[in-house]
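First the proteins, then the strands, lettered A, B, ... as listed; each starts at 1.
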Protein chains: 2
Amino acid sequence: MSSSVQNKRIRKSPGARRAEIVAAAAGVALAEGLECITLRRVAEELDVRPGLISHYFPAVDDLVAEAYGSAVGSELDELLPADRAGATPTRHLARFLARTTGKAYDDISRLWLNARHLSRYRPALRDRVAVQEDAWRDRLEEVIRVGVEEGEFHTADPLVTAIQILVVLDGLGMLVNSPSADDGPPAVRRLPVTTAERELGLPVGALSDAPD
Amino acid sequence: MSSSVQNKRIRKSPGARRAEIVAAAAGVALAEGLECITLRRVAEELDVRPGLISHYFPAVDDLVAEAYGSAVGSELDELLPADRAGATPTRHLARFLARTTGKAYDDISRLWLNARHLSRYRPALRDRVAVQEDAWRDRLEEVIRVGVEEGEFHTADPLVTAIQILVVLDGLGMLVNSPSADDGPPAVRRLPVTTAERELGLPVGALSDAPD
DNA sequence: TTGCTTATTGGTCGCACACTCAATAGCATG
DNA sequence: CATGCTATTGAGTGTGCGACCAATAAGCAA
(Lines give C-alpha, C1' and ligand atoms only; values in the text may rest on other atoms or scores of the structure.)
Protein backbone atom coordinates (compact mmCIF):
# COMPACT_ATOMS: atom_id res chain seq x y z
CA MET A 1 0.00 0.00 0.00
CA SER A 2 1.41 3.32 -1.05
CA SER A 3 1.71 6.07 1.51
CA SER A 4 0.19 8.55 -0.93
CA VAL A 5 -3.31 7.54 0.08
CA GLN A 6 -4.13 8.99 3.46
CA ASN A 7 -7.09 7.22 5.02
CA LYS A 8 -6.32 8.21 8.58
CA ARG A 9 -6.85 11.78 9.70
CA ILE A 10 -4.00 13.43 11.54
CA ARG A 11 -5.09 16.15 13.89
CA LYS A 12 -2.61 18.87 14.80
CA SER A 13 -2.67 22.02 16.88
CA PRO A 14 -3.76 25.09 14.93
CA GLY A 15 -0.39 26.78 15.42
CA ALA A 16 1.61 23.83 14.15
CA ARG A 17 -0.72 23.22 11.23
CA ARG A 18 -0.67 26.84 10.22
CA ALA A 19 3.12 26.96 10.29
CA GLU A 20 3.22 23.77 8.26
CA ILE A 21 0.93 25.28 5.64
CA VAL A 22 3.01 28.44 5.37
CA ALA A 23 6.20 26.40 5.04
CA ALA A 24 4.71 24.23 2.30
CA ALA A 25 3.42 27.29 0.46
CA ALA A 26 6.83 28.94 0.73
CA GLY A 27 8.39 25.86 -0.78
CA VAL A 28 5.97 25.94 -3.68
CA ALA A 29 6.64 29.66 -4.14
CA LEU A 30 10.40 29.15 -4.33
CA ALA A 31 10.26 26.15 -6.62
CA GLU A 32 7.36 26.98 -8.90
CA GLY A 33 6.22 30.54 -8.28
CA LEU A 34 3.66 32.39 -6.22
CA GLU A 35 0.82 31.75 -8.66
CA CYS A 36 1.26 28.04 -8.07
CA ILE A 37 0.19 28.51 -4.45
CA THR A 38 -3.35 27.18 -4.79
CA LEU A 39 -5.54 25.49 -2.25
CA ARG A 40 -5.23 22.21 -4.12
CA ARG A 41 -1.47 22.42 -4.68
CA VAL A 42 -0.59 23.20 -1.05
CA ALA A 43 -3.06 20.60 0.21
CA GLU A 44 -1.46 17.98 -2.00
CA GLU A 45 1.96 18.95 -0.64
CA LEU A 46 0.79 18.24 2.91
CA ASP A 47 -1.48 15.32 1.98
CA VAL A 48 -4.59 16.96 3.36
CA ARG A 49 -7.83 18.18 1.74
CA PRO A 50 -8.03 21.64 0.12
CA GLY A 51 -10.79 22.69 2.50
CA LEU A 52 -8.31 22.59 5.34
CA ILE A 53 -6.13 25.23 3.71
CA SER A 54 -9.22 27.39 3.26
CA HIS A 55 -9.97 26.93 6.93
CA TYR A 56 -6.64 28.41 8.00
CA PHE A 57 -6.51 30.97 5.20
CA PRO A 58 -10.05 32.00 4.22
CA ALA A 59 -8.52 34.20 1.53
CA VAL A 60 -5.76 32.53 -0.41
CA ASP A 61 -4.14 35.91 -1.06
CA ASP A 62 -3.17 36.07 2.58
CA LEU A 63 -1.42 32.74 2.32
CA VAL A 64 0.49 33.94 -0.72
CA ALA A 65 1.64 37.04 1.14
CA GLU A 66 2.58 34.98 4.18
CA ALA A 67 4.51 32.43 2.13
CA TYR A 68 6.42 35.16 0.35
CA GLY A 69 7.23 36.93 3.60
CA SER A 70 8.40 33.71 5.18
CA ALA A 71 10.71 32.74 2.33
CA VAL A 72 12.21 36.18 1.78
CA GLY A 73 12.40 37.01 5.46
CA SER A 74 14.37 33.92 6.40
CA GLU A 75 16.65 34.46 3.41
CA LEU A 76 17.48 37.92 4.69
CA ASP A 77 18.27 36.51 8.12
CA GLU A 78 20.77 34.19 6.54
CA LEU A 79 22.29 36.77 4.23
CA LEU A 80 22.60 39.58 6.75
CA PRO A 81 22.17 38.19 10.27
CA ALA A 82 20.82 40.80 12.65
CA ASP A 83 23.49 39.98 15.19
CA ARG A 84 26.71 39.89 13.23
CA ALA A 85 28.94 38.31 15.85
CA GLY A 86 32.60 39.07 15.41
CA ALA A 87 32.82 39.82 11.71
CA THR A 88 33.87 43.08 10.13
CA PRO A 89 31.42 45.05 7.99
CA THR A 90 33.70 44.39 5.03
CA ARG A 91 33.46 40.64 5.49
CA HIS A 92 29.73 40.84 6.00
CA LEU A 93 29.16 42.86 2.89
CA ALA A 94 31.52 40.64 0.89
CA ARG A 95 29.62 37.57 2.01
CA PHE A 96 26.31 39.21 1.15
CA LEU A 97 27.51 40.12 -2.33
CA ALA A 98 29.05 36.71 -2.92
CA ARG A 99 25.80 34.92 -2.09
CA THR A 100 23.49 37.25 -3.93
CA THR A 101 25.59 36.87 -7.05
CA GLY A 102 25.77 33.09 -6.97
CA LYS A 103 23.61 30.68 -8.93
CA ALA A 104 22.02 29.39 -5.74
CA TYR A 105 20.41 32.80 -5.31
CA ASP A 106 18.44 32.47 -8.55
CA ASP A 107 15.37 31.09 -6.80
CA ILE A 108 15.30 34.13 -4.54
CA SER A 109 15.74 36.45 -7.50
CA ARG A 110 12.82 34.73 -9.21
CA LEU A 111 10.73 35.13 -6.10
CA TRP A 112 11.46 38.84 -5.84
CA LEU A 113 10.64 39.32 -9.49
CA ASN A 114 7.51 37.25 -9.07
CA ALA A 115 6.34 39.14 -6.00
CA ARG A 116 7.04 42.56 -7.42
CA HIS A 117 4.95 41.81 -10.45
CA LEU A 118 2.16 39.96 -8.69
CA SER A 119 1.83 42.70 -6.08
CA ARG A 120 0.31 44.72 -8.88
CA TYR A 121 -2.85 42.67 -8.46
CA ARG A 122 -2.78 41.52 -4.83
CA PRO A 123 -2.91 44.17 -2.11
CA ALA A 124 -1.93 41.82 0.70
CA LEU A 125 1.19 40.81 -1.17
CA ARG A 126 1.95 44.42 -2.07
CA ASP A 127 2.03 45.35 1.62
CA ARG A 128 4.32 42.44 2.40
CA VAL A 129 6.70 43.38 -0.38
CA ALA A 130 6.90 46.90 0.99
CA VAL A 131 7.74 45.53 4.44
CA GLN A 132 10.47 43.29 3.08
CA GLU A 133 11.91 46.02 0.89
CA ASP A 134 12.23 48.15 3.97
CA ALA A 135 13.77 45.32 5.96
CA TRP A 136 16.40 44.50 3.35
CA ARG A 137 17.24 48.14 2.83
CA ASP A 138 17.46 48.86 6.57
CA ARG A 139 19.62 45.83 7.26
CA LEU A 140 22.05 46.69 4.48
CA GLU A 141 22.14 50.34 5.47
CA GLU A 142 23.00 49.32 9.01
CA VAL A 143 25.98 47.26 7.88
CA ILE A 144 27.21 50.20 5.81
CA ARG A 145 26.62 52.67 8.61
CA VAL A 146 28.65 50.58 11.03
CA GLY A 147 31.34 50.21 8.41
CA VAL A 148 31.53 53.96 8.04
CA GLU A 149 31.70 54.44 11.80
CA GLU A 150 34.52 51.95 12.10
CA GLY A 151 36.40 53.65 9.27
CA GLU A 152 36.19 50.71 6.82
CA PHE A 153 33.75 52.40 4.44
CA HIS A 154 33.50 55.95 3.22
CA THR A 155 30.20 57.33 2.01
CA ALA A 156 28.24 60.48 2.72
CA ASP A 157 24.87 58.74 2.71
CA PRO A 158 24.70 55.09 3.80
CA LEU A 159 20.99 54.92 2.88
CA VAL A 160 21.50 56.00 -0.71
CA THR A 161 24.47 53.70 -1.05
CA ALA A 162 22.46 50.78 0.26
CA ILE A 163 19.66 51.50 -2.18
CA GLN A 164 22.15 51.88 -4.98
CA ILE A 165 23.56 48.41 -4.35
CA LEU A 166 20.08 46.91 -4.10
CA VAL A 167 19.00 48.59 -7.33
CA VAL A 168 21.89 47.00 -9.18
CA LEU A 169 21.10 43.63 -7.64
CA ASP A 170 17.46 43.99 -8.65
CA GLY A 171 18.43 45.06 -12.14
CA LEU A 172 20.51 41.92 -12.60
CA GLY A 173 17.78 39.85 -10.96
CA MET A 174 15.41 41.00 -13.68
CA LEU A 175 17.39 38.80 -16.08
CA VAL A 176 17.00 35.62 -14.07
CA ASN A 177 14.44 34.12 -16.42
CA SER A 178 16.28 35.08 -19.59
CA PRO A 179 18.04 32.25 -21.37
CA SER A 180 21.23 34.31 -21.73
CA ALA A 181 21.34 35.26 -18.06
CA ASP A 182 24.53 33.32 -17.28
CA ASP A 183 26.67 34.44 -20.17
CA GLY A 184 27.36 38.06 -21.03
CA PRO A 185 30.43 40.11 -20.14
CA PRO A 186 32.04 39.18 -16.80
CA ALA A 187 32.08 42.88 -15.92
CA VAL A 188 28.28 42.73 -15.79
CA ARG A 189 28.15 39.89 -13.30
CA ARG A 190 30.57 41.79 -11.10
CA LEU A 191 28.50 44.94 -11.24
CA PRO A 192 27.19 44.75 -7.65
CA VAL A 193 30.68 44.28 -6.25
CA THR A 194 32.10 47.03 -8.46
CA THR A 195 29.31 49.38 -7.44
CA ALA A 196 29.76 48.69 -3.74
CA GLU A 197 33.53 49.10 -3.85
CA ARG A 198 33.26 52.37 -5.75
CA GLU A 199 30.52 53.88 -3.61
CA LEU A 200 32.21 52.86 -0.37
CA GLY A 201 35.63 54.12 -1.36
CA LEU A 202 37.19 50.68 -1.30
CA PRO A 203 40.07 49.43 -3.45
CA VAL A 204 39.18 47.07 -6.29
CA GLY A 205 38.89 43.52 -5.04
CA ALA A 206 38.23 44.49 -1.45
CA LEU A 207 34.79 42.90 -1.54
CA SER A 208 35.43 39.95 -3.83
CA ASP A 209 38.66 38.37 -2.60
CA ALA A 210 38.12 35.22 -0.49
CA PRO A 211 35.44 36.57 1.81
CA ASP A 212 34.12 33.34 3.31
CA MET B 1 -29.86 51.49 -29.49
CA SER B 2 -26.44 51.22 -27.96
CA SER B 3 -23.52 50.46 -30.21
CA SER B 4 -22.30 47.84 -27.76
CA VAL B 5 -24.58 45.20 -29.31
CA GLN B 6 -23.15 44.13 -32.63
CA ASN B 7 -25.72 42.24 -34.67
CA LYS B 8 -24.05 42.83 -38.02
CA ARG B 9 -20.84 41.01 -38.89
CA ILE B 10 -17.95 43.06 -40.17
CA ARG B 11 -15.65 41.14 -42.43
CA LYS B 12 -12.06 42.28 -42.74
CA SER B 13 -8.96 41.07 -44.53
CA PRO B 14 -6.88 38.64 -42.47
CA GLY B 15 -3.94 40.99 -42.38
CA ALA B 16 -5.95 43.94 -41.13
CA ARG B 17 -7.83 41.84 -38.57
CA ARG B 18 -4.68 40.27 -37.27
CA ALA B 19 -3.02 43.65 -36.83
CA GLU B 20 -6.13 44.92 -35.09
CA ILE B 21 -6.07 42.00 -32.69
CA VAL B 22 -2.40 42.49 -31.85
CA ALA B 23 -2.97 46.21 -31.27
CA ALA B 24 -5.92 45.55 -28.97
CA ALA B 25 -3.94 42.94 -27.05
CA ALA B 26 -1.00 45.33 -26.71
CA GLY B 27 -3.36 47.93 -25.29
CA VAL B 28 -4.67 45.46 -22.73
CA ALA B 29 -1.11 44.45 -21.86
CA LEU B 30 -0.06 48.04 -21.22
CA ALA B 31 -3.13 48.98 -19.24
CA GLU B 32 -3.88 45.80 -17.30
CA GLY B 33 -1.05 43.34 -17.76
CA LEU B 34 -0.15 40.42 -19.97
CA GLU B 35 -2.21 37.90 -18.02
CA CYS B 36 -5.31 39.94 -18.86
CA ILE B 37 -4.83 39.08 -22.51
CA THR B 38 -7.54 36.44 -22.75
CA LEU B 39 -9.66 35.40 -25.70
CA ARG B 40 -12.69 36.99 -24.09
CA ARG B 41 -10.99 40.21 -23.05
CA VAL B 42 -9.46 40.92 -26.45
CA ALA B 43 -12.66 39.90 -28.26
CA GLU B 44 -14.66 42.28 -26.09
CA GLU B 45 -12.20 45.06 -26.91
CA LEU B 46 -12.86 44.59 -30.63
CA ASP B 47 -16.52 43.72 -30.26
CA VAL B 48 -16.15 40.31 -31.88
CA ARG B 49 -16.59 36.75 -30.62
CA PRO B 50 -13.77 34.96 -28.74
CA GLY B 51 -13.63 32.24 -31.37
CA LEU B 52 -12.31 34.77 -33.85
CA ILE B 53 -9.26 35.47 -31.72
CA SER B 54 -8.62 31.74 -31.51
CA HIS B 55 -8.87 31.58 -35.29
CA TYR B 56 -6.01 34.04 -35.74
CA PHE B 57 -4.03 32.84 -32.73
CA PRO B 58 -4.71 29.12 -32.15
CA ALA B 59 -2.43 29.36 -29.10
CA VAL B 60 -3.07 32.39 -26.94
CA ASP B 61 0.57 32.36 -25.80
CA ASP B 62 1.60 33.47 -29.26
CA LEU B 63 -0.74 36.44 -29.05
CA VAL B 64 0.71 37.39 -25.69
CA ALA B 65 4.22 37.28 -27.11
CA GLU B 66 3.16 39.26 -30.17
CA ALA B 67 1.37 41.91 -28.11
CA TYR B 68 4.36 42.33 -25.84
CA GLY B 69 6.74 42.59 -28.78
CA SER B 70 4.53 45.14 -30.47
CA ALA B 71 4.20 47.38 -27.41
CA VAL B 72 7.83 47.25 -26.36
CA GLY B 73 9.17 47.40 -29.90
CA SER B 74 7.31 50.55 -30.83
CA GLU B 75 8.29 52.13 -27.52
CA LEU B 76 11.94 51.54 -28.37
CA ASP B 77 11.45 53.15 -31.76
CA GLU B 78 10.15 56.25 -30.07
CA LEU B 79 12.79 56.33 -27.33
CA LEU B 80 15.78 55.65 -29.53
CA PRO B 81 14.84 56.15 -33.19
CA ALA B 82 16.97 54.05 -35.50
CA ASP B 83 17.67 57.05 -37.71
CA ARG B 84 18.61 59.83 -35.33
CA ALA B 85 18.41 62.73 -37.74
CA GLY B 86 20.51 65.72 -36.76
CA ALA B 87 20.80 65.25 -33.01
CA THR B 88 23.95 64.68 -31.04
CA PRO B 89 24.46 61.44 -29.09
CA THR B 90 24.39 63.52 -25.92
CA ARG B 91 20.97 64.94 -26.71
CA HIS B 92 19.71 61.51 -27.72
CA LEU B 93 20.87 59.89 -24.53
CA ALA B 94 19.56 62.78 -22.45
CA ARG B 95 16.16 62.44 -24.08
CA PHE B 96 16.20 58.68 -23.54
CA LEU B 97 17.02 59.07 -19.86
CA ALA B 98 14.49 61.85 -19.36
CA ARG B 99 11.69 59.74 -20.80
CA THR B 100 12.59 56.48 -19.09
CA THR B 101 12.69 58.27 -15.76
CA GLY B 102 9.35 60.04 -16.15
CA LYS B 103 6.03 58.93 -14.73
CA ALA B 104 4.66 58.31 -18.20
CA TYR B 105 7.15 55.47 -18.53
CA ASP B 106 5.61 53.53 -15.64
CA ASP B 107 3.36 51.49 -17.91
CA ILE B 108 6.39 50.36 -19.88
CA SER B 109 8.25 49.52 -16.69
CA ARG B 110 5.28 47.46 -15.58
CA LEU B 111 5.22 45.67 -18.89
CA TRP B 112 8.91 44.80 -18.72
CA LEU B 113 8.50 43.54 -15.17
CA ASN B 114 5.41 41.61 -16.21
CA ALA B 115 7.06 40.03 -19.23
CA ARG B 116 10.25 39.10 -17.43
CA HIS B 117 8.30 37.25 -14.79
CA LEU B 118 5.73 35.66 -17.09
CA SER B 119 8.43 34.45 -19.46
CA ARG B 120 9.25 31.97 -16.73
CA TYR B 121 6.16 30.03 -17.75
CA ARG B 122 5.67 30.90 -21.42
CA PRO B 123 8.37 29.89 -23.89
CA ALA B 124 7.03 32.02 -26.74
CA LEU B 125 7.13 35.10 -24.55
CA ARG B 126 10.58 34.19 -23.26
CA ASP B 127 11.96 34.20 -26.80
CA ARG B 128 10.37 37.56 -27.51
CA VAL B 129 11.81 39.07 -24.35
CA ALA B 130 15.26 37.88 -25.38
CA VAL B 131 14.83 39.52 -28.77
CA GLN B 132 13.74 42.83 -27.27
CA GLU B 133 16.49 42.77 -24.66
CA ASP B 134 18.97 42.45 -27.48
CA ALA B 135 17.30 45.20 -29.47
CA TRP B 136 17.27 47.69 -26.61
CA ARG B 137 20.85 46.88 -25.67
CA ASP B 138 22.07 47.11 -29.26
CA ARG B 139 20.29 50.39 -29.90
CA LEU B 140 21.68 51.99 -26.75
CA GLU B 141 25.14 50.62 -27.39
CA GLU B 142 25.04 52.14 -30.87
CA VAL B 143 24.25 55.59 -29.51
CA ILE B 144 27.11 55.31 -27.06
CA ARG B 145 29.49 53.98 -29.69
CA VAL B 146 28.75 56.91 -31.98
CA GLY B 147 29.15 59.27 -29.06
CA VAL B 148 32.57 57.83 -28.34
CA GLU B 149 33.57 58.10 -31.99
CA GLU B 150 32.51 61.72 -32.10
CA GLY B 151 34.40 62.46 -28.90
CA GLU B 152 31.36 63.30 -26.78
CA PHE B 153 31.56 60.18 -24.63
CA HIS B 154 34.50 58.35 -23.14
CA THR B 155 34.26 54.67 -22.27
CA ALA B 156 36.42 51.66 -22.94
CA ASP B 157 33.49 49.32 -23.58
CA PRO B 158 30.25 50.80 -24.98
CA LEU B 159 28.46 47.46 -24.60
CA VAL B 160 29.18 47.13 -20.90
CA THR B 161 28.26 50.76 -20.35
CA ALA B 162 24.97 50.28 -22.18
CA ILE B 163 24.16 47.22 -20.09
CA GLN B 164 25.13 49.07 -16.95
CA ILE B 165 22.64 51.85 -17.68
CA LEU B 166 19.92 49.36 -18.53
CA VAL B 167 20.55 47.38 -15.35
CA VAL B 168 20.04 50.51 -13.27
CA LEU B 169 16.88 51.34 -15.19
CA ASP B 170 15.59 47.80 -14.67
CA GLY B 171 16.47 47.93 -11.00
CA LEU B 172 14.42 51.07 -10.54
CA GLY B 173 11.66 49.62 -12.72
CA MET B 174 11.37 46.77 -10.24
CA LEU B 175 9.87 49.24 -7.79
CA VAL B 176 7.11 50.41 -10.11
CA ASN B 177 4.38 48.52 -8.28
CA SER B 178 5.56 49.50 -4.82
CA PRO B 179 3.49 52.14 -3.06
CA SER B 180 6.61 54.11 -2.11
CA ALA B 181 8.00 54.14 -5.63
CA ASP B 182 7.64 57.90 -6.10
CA ASP B 183 9.11 59.11 -2.84
CA GLY B 184 12.55 58.14 -1.59
CA PRO B 185 15.76 60.13 -1.88
CA PRO B 186 16.04 62.28 -5.04
CA ALA B 187 19.50 60.84 -5.58
CA VAL B 188 17.85 57.49 -6.24
CA ARG B 189 15.58 58.78 -8.97
CA ARG B 190 18.59 60.38 -10.63
CA LEU B 191 20.59 57.15 -10.51
CA PRO B 192 20.35 56.36 -14.25
CA VAL B 193 21.54 59.85 -15.19
CA THR B 194 24.30 59.78 -12.58
CA THR B 195 25.44 56.37 -13.77
CA ALA B 196 25.49 57.39 -17.41
CA GLU B 197 27.37 60.63 -16.76
CA ARG B 198 29.97 58.85 -14.64
CA GLU B 199 30.51 55.92 -16.99
CA LEU B 200 30.72 58.16 -20.04
CA GLY B 201 33.11 60.65 -18.50
CA LEU B 202 30.62 63.51 -18.63
CA PRO B 203 30.37 66.44 -16.23
CA VAL B 204 27.50 66.35 -13.74
CA GLY B 205 24.33 67.69 -15.33
CA ALA B 206 25.44 67.02 -18.89
CA LEU B 207 22.59 64.56 -19.41
CA SER B 208 19.89 66.16 -17.32
CA ASP B 209 19.91 69.86 -18.20
CA ALA B 210 17.07 70.87 -20.54
CA PRO B 211 17.55 68.18 -23.16
CA ASP B 212 14.28 68.38 -25.05
C1' DT C 1 -14.25 4.43 29.30
C1' DT C 2 -17.27 8.19 27.89
C1' DG C 3 -18.16 12.58 26.12
C1' DC C 4 -17.07 16.87 23.96
C1' DT C 5 -14.58 20.15 21.46
C1' DT C 6 -13.03 21.23 17.05
C1' DA C 7 -9.66 19.98 13.41
C1' DT C 8 -10.57 17.85 9.20
C1' DT C 9 -13.12 16.01 5.49
C1' DG C 10 -16.04 15.48 1.26
C1' DG C 11 -18.93 17.39 -1.67
C1' DT C 12 -20.71 21.26 -4.21
C1' DC C 13 -21.29 25.74 -6.44
C1' DG C 14 -20.18 29.35 -9.70
C1' DC C 15 -16.85 31.32 -12.44
C1' DA C 16 -13.22 32.06 -15.98
C1' DC C 17 -10.22 30.05 -18.92
C1' DA C 18 -8.40 27.87 -23.74
C1' DC C 19 -9.68 25.30 -27.31
C1' DT C 20 -12.75 22.93 -31.10
C1' DC C 21 -15.85 22.83 -35.00
C1' DA C 22 -19.93 22.81 -37.78
C1' DA C 23 -22.94 26.40 -39.32
C1' DT C 24 -23.55 31.04 -41.01
C1' DA C 25 -23.24 35.21 -43.66
C1' DG C 26 -20.27 39.11 -45.68
C1' DC C 27 -18.50 40.43 -49.84
C1' DA C 28 -15.75 40.18 -54.01
C1' DT C 29 -16.01 38.13 -58.32
C1' DG C 30 -18.20 36.72 -62.50
C1' DC D 1 -27.96 39.41 -59.92
C1' DA D 2 -26.16 34.94 -58.67
C1' DT D 3 -22.23 32.31 -56.81
C1' DG D 4 -18.36 30.78 -54.19
C1' DC D 5 -14.90 31.59 -50.91
C1' DT D 6 -13.90 32.24 -46.27
C1' DA D 7 -14.11 35.37 -42.27
C1' DT D 8 -16.95 35.05 -38.45
C1' DT D 9 -20.18 33.19 -35.32
C1' DG D 10 -22.50 30.19 -31.76
C1' DA D 11 -22.52 26.49 -29.05
C1' DG D 12 -20.18 23.29 -26.53
C1' DT D 13 -16.15 20.62 -24.03
C1' DG D 14 -13.08 20.00 -20.32
C1' DT D 15 -10.04 21.97 -16.78
C1' DG D 16 -8.76 24.42 -12.66
C1' DC D 17 -9.70 27.86 -9.59
C1' DG D 18 -11.60 30.00 -4.79
C1' DA D 19 -15.06 29.67 -1.68
C1' DC D 20 -18.60 27.55 1.23
C1' DC D 21 -20.61 24.26 4.67
C1' DA D 22 -22.68 20.30 6.88
C1' DA D 23 -20.93 15.95 8.40
C1' DT D 24 -17.26 13.41 10.55
C1' DA D 25 -13.81 11.70 13.66
C1' DA D 26 -9.39 12.61 16.35
C1' DG D 27 -7.77 13.06 20.68
C1' DC D 28 -8.00 15.45 25.06
C1' DA D 29 -10.32 15.81 29.52
C1' DA D 30 -13.39 14.12 32.90
* Nucleotide D:dT9, atom P - distance to NZ of B:Lys8 in whole Å -> 13 Å
* Structure fact -> On a heavy-atom basis, the closest approach of A:Phe153 and A:Ile144 is CD1-O, 3.7 Å
* Whichever of A:Lys12 and B:Leu39 has its nearest DNA chain C nucleotide further upstream toward 5' -> A:Lys12
* Whole angstrom value for the distance that separates C1' of C:dG10 from CD1 of A:Ile53 -> 15 Å
* Asked: In whole angstrom, what separates A:Tyr121's OH from D:dG18's P?
  -> 17 Å
So which protein nitrogen or oxygen atoms get under 3.5 Å of nucleotides 20-24 of chain D's nitrogens or oxygens?
{"residue": "D:dT24", "atom": "O2", "partner": "A:Arg9", "partner atom": "NH1", "Å": "2.7"}

* Does A:Glu44 pair with A:Arg40 as a salt bridge, N-O distance under 4.0 Å? -> no
* Whole-Å distance separating the CG atom of A:Asp62 from the C1' atom of D:dA19 -> 14 Å
* Name the nucleic acid region contacted by A:Tyr56, choosing base, sugar-phosphate or nothing; use a 4.0 angstrom heavy-atom cut-off, strictly under. => sugar-phosphate
* Structure fact -> With B for base contact, S for sugar-phosphate-only contact and - for none (protein heavy atoms under 4.0 Å), nucleotides 1-6 of chain D reads ----BB
* Given atom CD of B:Glu44 and atom C1' of C:dC17, what is their separation to the nearest angstrom? -> 15 Å
* Look at all strands and tell whether B:Arg17 reaches a base, only sugar-phosphate, or nothing, counting heavy atoms closer than 4.0 Å. => sugar-phosphate
Only pairs under 3.5 Å count here: list side-chain donor-acceptor contacts from residues 136-143 of chain B, not counting sequence neighbours, and write none if there are none.
{"residue": "B:Arg137", "atom": "NH2", "partner": "B:Asp134", "partner atom": "OD1", "Å": "2.4"}
{"residue": "B:Arg139", "atom": "NH1", "partner": "B:Asp77", "partner atom": "OD1", "Å": "3.4"}
{"residue": "B:Arg139", "atom": "NH1", "partner": "B:Leu80", "partner atom": "O", "Å": "2.6"}
{"residue": "B:Arg139", "atom": "NH2", "partner": "B:Asp77", "partner atom": "OD1", "Å": "3.1"}
{"residue": "B:Glu142", "atom": "OE1", "partner": "B:Arg145", "partner atom": "NE", "Å": "3.3"}
{"residue": "B:Glu142", "atom": "OE1", "partner": "B:Arg145", "partner atom": "NH2", "Å": "3.0"}
{"residue": "B:Glu142", "atom": "OE2", "partner": "B:Arg145", "partner atom": "NH2", "Å": "3.0"}

* Asked: Could you state the interatomic distance from CE (A:Met174) to CZ (B:Arg116), rounded to the nearest 0.5 Å?
  -> 5.5 Å
* Indicate, yes or no, whether a donor-acceptor pair under 3.5 Å links the base of D:dG18 to the side chain of A:Arg40. => yes
* Verdict with supporting geometry, B:Leu191 and A:Val160, side-chain contact (heavy atoms from CB on, under 4.5 Å) -> CA-CA 10 Å; B:Leu191 226 41; A:Val160 168; 5.5 Å; no
* To do: Return yes if some donor-acceptor pair links the side-chain N/O of A:Glu20 with the main-chain N/O of A:Leu46 below 3.5 Å, else return no.
  => no
* Options D:dC17, D:dT9, C:dC17, nucleotide nearest the side-chain atoms of B:Thr38 -> C:dC17
* Take the protein atom CG of B:Leu63 and the nucleotide atom P of C:dC19, then report the distance between them rounded to whole Å. => 10 Å
Without placing hydrogens or testing angles, list every side-chain donor-acceptor pair under 3.5 Å for residues 51-66 of chain B, not counting sequence neighbours.
{"residue": "B:Asp61", "atom": "OD1", "partner": "B:Arg122", "partner atom": "NH1", "Å": "3.2"}
{"residue": "B:Glu66", "atom": "OE1", "partner": "B:Arg128", "partner atom": "NH2", "Å": "2.9"}

* **Rounded distance (Å) that lies between atom P of C:dT9 and atom CG of A:Leu46** => 10 Å
* Structure fact -> Residues passing the side chain to side chain contact (heavy atoms under 4.5 Å, CB included) test with A:Pro179, sequence neighbours excluded, are B:Arg126, B:Ala130
* Between B:Arg41 (CZ) and C:dA18 (C1'), how many Å, whole number? -> 17 Å
* Using side-chain hydrogen bond (donor to acceptor under 3.5 Å, both in side chains) as the criterion, list what pairs up with B:Asn114, not counting sequence neighbours. => A:His117, B:Glu35
